[in-house]
Each structure stands twice: as structure tokens, then as C-alpha cells.
Amino acid sequence: MEKPDLTEKLCRYIHENFRSNYKSNLDFALSCDIDEKTIRLIQQGKYNLSLKLFKKICDAQKVKMSDVLREIQE
């Protein structure tokens with residue numbers, strides 16, 4: 001089995017660690033100022049997450065991008 005790439009790890013992390021703080025994908029999307037469809041695709045690992053979107057999500061969650069990257073590399 002192939003190891004997940006960085007984007008896949010980020011998408012999984014976002015889904016597992018940030019989405020659970022909200023009642024719905026819409027609430028999560030609104031908190032990040034990102035379209036709900038985009039959030040859904042990110043969570044499914046079907047979206048090539050840009051640094052700009054990753055930063056928006058991290059800023060909305062009040063976490064540093066570097067902390068997330070460090071966690072997914074462990």
C-alpha cells in the first residue's frame with residue numbers, strides 16, 4: 001500500500017481534527033470563509049489543497065500551519 005502524500009495527510013487531519021468542532025460542514029465552511037463544497041472535497045481528499053486555503057483553515061482554527069505540518073509528519 002502506498003504511503004499517503006502530504007495533501008492527503010493534510011486533508012485527513014483537517015477532517016479528523018477541525019471538522020468535529022462544528023455541527024455541520026456548512027458551519028465549518030463559514031468559519032473558514034470557504035465554500036461548503038470545497039470543504040467537503042478537502043475532507044474527502046479530492047481537492048488539491050493550496051497553501052492559501054490551508055492558511056485560511058488554520059487561521060480560522062487559531063492554529064499555526066507549522067504545528068499542523070509537524071503533527072502530520074510524525
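Computed over heavy atoms, backbone and side chain alike; hydrogens, waters and symmetry mates excluded.
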Measuring from atom [atom1] of [X] to atom [atom2] of [Y], what distance do you get when rounded to the nearest 0.5 angstrom?
X: Ile14; Y: Arg12; atom1: CD1; atom2: CZ; result: 12.0 Å
X: Asp59; Y: Asp33; atom1: CG; atom2: CG; result: 11.5 Å
X: Ile34; Y: Arg40; atom1: CD1; atom2: CZ; result: 13.5 Å
X: Asn25; Y: Glu36; atom1: CG; atom2: CD; result: 5.5 Å
X: Leu30; Y: Ile39; atom1: CG; atom2: CD1; result: 9.5 Å

Check the surroundings of atom OH in Tyr47: do more than 12 heavy atoms from other residues, nucleotides or ligands lie under 6.0 Å from it?
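It does not: Tyr47 OH has 12 such atoms or fewer within range.
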
Might you point out which heavy atoms bring [X] and [Y] nearest each other, and give the distance in Å?
X: Cys58; Y: Val68; value: SG-CG2, 4.0 Å
X: Gln61; Y: Ser31; value: NE2-OG, 3.9 Å
X: Cys11; Y: Ile42; value: CB-O, 3.0 Å

Is it true that a side-chain atom of Gln73 and a backbone atom of Arg70 form a donor plus acceptor pair closer than 3.5 Å?
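Not at all, since once roles are kept as given, no pair shorter than 3.5 Å links the two residues.
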
Ring geometry between Phe18 and Phe28 (parallel below 30°, tilted from 30 to 60°, perpendicular above 60°):
tilted

State, yes or no, whether a side-chain contact exists between Leu69 and Ile72 at a heavy-atom distance under 4.5 Å.
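A side-chain contact exists here, since the closest heavy-atom pair is under 4.5 Å.
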
Among Leu41, Leu6, Leu10, find the residue that satisfies the side chain to side chain contact (heavy atoms under 4.5 Å, CB included) test when tested with Leu49.
Leu10

